[in-house]
Amino acid sequence: MIPGCQSEGRFIMQFVEPETPIYLDYAATSPVDDRVLGAMLPFFGRTFGNAASIHGFGRVAAEAVERARAQLASLLRCAPEEVIWTSGATEANNLAIKGTVRASGKAIAHVITQATEHKAILDPVLGLRGEGVETTVLPVDAEGRVVPADVRSALRSETVLVSVMTANNEVGTLQPVKEIAAICHEADVAFHTDASQAVGKITIDMEGDQIDLLSVSGHKLYGPKGIGALVFRRSPKLRKLRPLIDGGGHERGLRSGTLNVPAIVGLGAACEIAAATLEEERNRLEGLRDRFESALMDSLPDVLVNAAGSPRLPTITNIAFLGVDAESLLLSMGHIAASTGSACTAASLEPSHVLRAMRLPPERQISSVRFSFGRPTSQVDILHAVGSIVKNVTILRQLSCISDPP
Ligand SMILES: *Cc1c(COP(=O)(O)O)cnc(C)c1O
């Protein structure tokens, strides 16, 4: 028996914790806000018209869609007619990338992105390699940030698009989007940003920051799943985009298919609510996040916050509990919903490509958990979660000292 380690049986009992669940996975998805649901309901019922029909039923639906367009545009500081409704951010990213490359008409086109993007950017970009497109995936620093000068040196005469996310979905790192967009503008290259995690959480100014294309996901900001948008700005030099889905010519011919009116209305309402509460929520969540991090660091040794040295989203923290396997920790606290990596790659059980790109030591990568906070998260949730985490990390560290003695 190693000193400090107790018998295994005693600990197993403590793993049974019938407690009320605490959801700390808002970066994976968020619940639909009651006000959003209320705004959507009539459009499943009496107001069921097709927004493309010219009669009264259609006009009512079309007006609701245009109101939602204005709500989204006002949150992002762009023009309503620049909004293209899609099925989500995955489709918006695909449209931005493939649509820009295909519209460029270049025999050889070059696309630049960076290593910590969501798979919904990396997969379409790397997929284009099969179609004669050249790609550059820029590295990040230890905080997960792209160095703007690296973008400048990667630009070529064939470059048609640079895509760098606004905020990372695993660690919350904010990218220097404004600086990168300015570099792209100087070179007359289109700039796209996947802002799925940032929309409604931090201020976004597409006009001021010279962002040409931006992807939005409804279900990350208390809207419904299966709706999103690509904002495609009428830049000083008119950029071109090719549709991925052809048909009835909806959305200026850039995305055909009957509009999902209830979901669009919901996303519009979600944007308006987010705009009205953005500053206040941002401060509140930043306070909760800081409290959560410092409580864990004060209570446990060897706790490290990943990307702590970078400007970050108020909603995400990614924390390494050295010596503890992150999956085991999540399994041991069944009532706390958090994740390792992103929900989309979680099924693959691969180590996080984000933490790897940040070149964190392997033992830090495998012991890292993402906790993400949202509108319903309270001070009490945070304190209860800290209590469970501290208890379970302590138990798991003692168990591992039984199984692999130092
Ligand atoms: C959630 C997410 C997506 C995917 O959005 P969907 O609307 O679910 O397709 C893309 N990028 C980032 C950064 C995300 O967080």
Side-chain angles (χ1 to χ4, degrees), residues 23-32 36 72 76 83-99 113-127 137 140 144-146 163-175 177 192-202 204 211 213-231 244-245 255 257 260 263-264 266-268 270-271 274 307 312-318 337-348 352-355 357-358 370-374:
Y23 188 79
L24 295 178
D25 207 11
Y26 289 90
T29 195
S30 61
V32 172
V36 169
L72 192 143
L76 302 178
V83 176
I84 304 165
W85 302 116
T86 65
S87 63
T90 300
E91 184 190 333
N93 288 344
N94 273 268
L95 177 56
I97 293 162
K98 296 173 188 169
T113 187
Q114 60 91 22
T116 70
E117 292 292 320
H118 193 276
K119 294 290 179 190
I121 292 287
L122 293 174
D123 283 359
V125 167
L126 299 182
V137 180
V140 292
R145 303 248 299 173
V146 172
S163 182
V164 175
M165 71 203 319
T166 303
N168 183 266
N169 50 300
E170 290 186 31
V171 292
T173 298
L174 300 181
Q175 294 294 353
V177 161
H192 168 254
T193 188
D194 176 353
S196 301
Q197 293 291 342
V199 172
K201 320 288 170 57
I202 57 170
I204 291 178
I211 296 165
L213 299 132
L214 181 144
S215 300
V216 181
S217 171
H219 69 101
K220 304 287 172 72
L221 78 150
Y222 314 98
K225 297 172 178 61
I227 189 71
L230 178 67
V231 183
L244 301 183
I245 300 175
R255 207 286 192 171
N260 183 349
I264 290 168
L267 177 49
C271 288
R312 284 185 291 152
L313 278 179
T315 45
I316 296 179
T317 183
N318 192 295
S339 60
T340 59
S342 76
C344 317
T345 41
S348 65
S352 156
H353 72 285
V354 173
L355 302 181
M358 290 162 65
R370 175 187 73 181
F371 301 93
S372 45
F373 314 112

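Note that the structure is a prediction, hence the values are computed from the model and not measured. For ligands, and for the atoms within them, numbers begin at 1 and follow the listed sequence.
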Residue part near ligand 1, for [X], under 4.0 Å between non-hydrogen atoms:
X    : answer
D194 : side chain
S196 : side chain
K220 : side chain

Discussion item. With a 3.5 Å distance limit and no angle check, can you tell me whether E117 reaches the backbone of M165 through a side-chain donor-acceptor pair?
Written reply: yes
Worksheet, complete the sentence: Closest heavy-atom approach to atom 9 (O) of ligand 1 among N93, T86, T90, T29 is made by T90
Nearest 0.5 Å, what's the [atom1]-[atom2] distance between [X] and [Y]?
X    : Y    : atom1 : atom2 : value
L174 : R312 : CG    : CZ    : 9.5 Å
L267 : W85  : CG    : CH2   : 5.0 Å
R370 : S339 : CZ    : OG    : 3.5 Å
H219 : S30  : NE2   : OG    : 8.0 Å

Worksheet item: Under 4.0 angstrom from ligand 1, any heavy atom of E117?
Response: no
Can you list the atoms of ligand 1 that are under 4.0 Å from a heavy atom of [X]?
X    : result
Q197 : 15 (O)
H219 : 6 (P), 7 (O), 8 (O)
G88  : 7 (O)

Worksheet item: Hey, does K98 have a side-chain heavy atom less than 4.5 Å from the side chain of L244?
Response: yes
Discussion item. Are any of the N/O atoms on A89, whether in the backbone or the side chain, positioned under 3.5 angstrom from an N/O atom of ligand 1?
Written reply: yes
Worksheet, complete the sentence: Result for side chain to side chain donor-acceptor pair (under 3.5 Å) between S215 and one of T90, N93, D194 points to N93
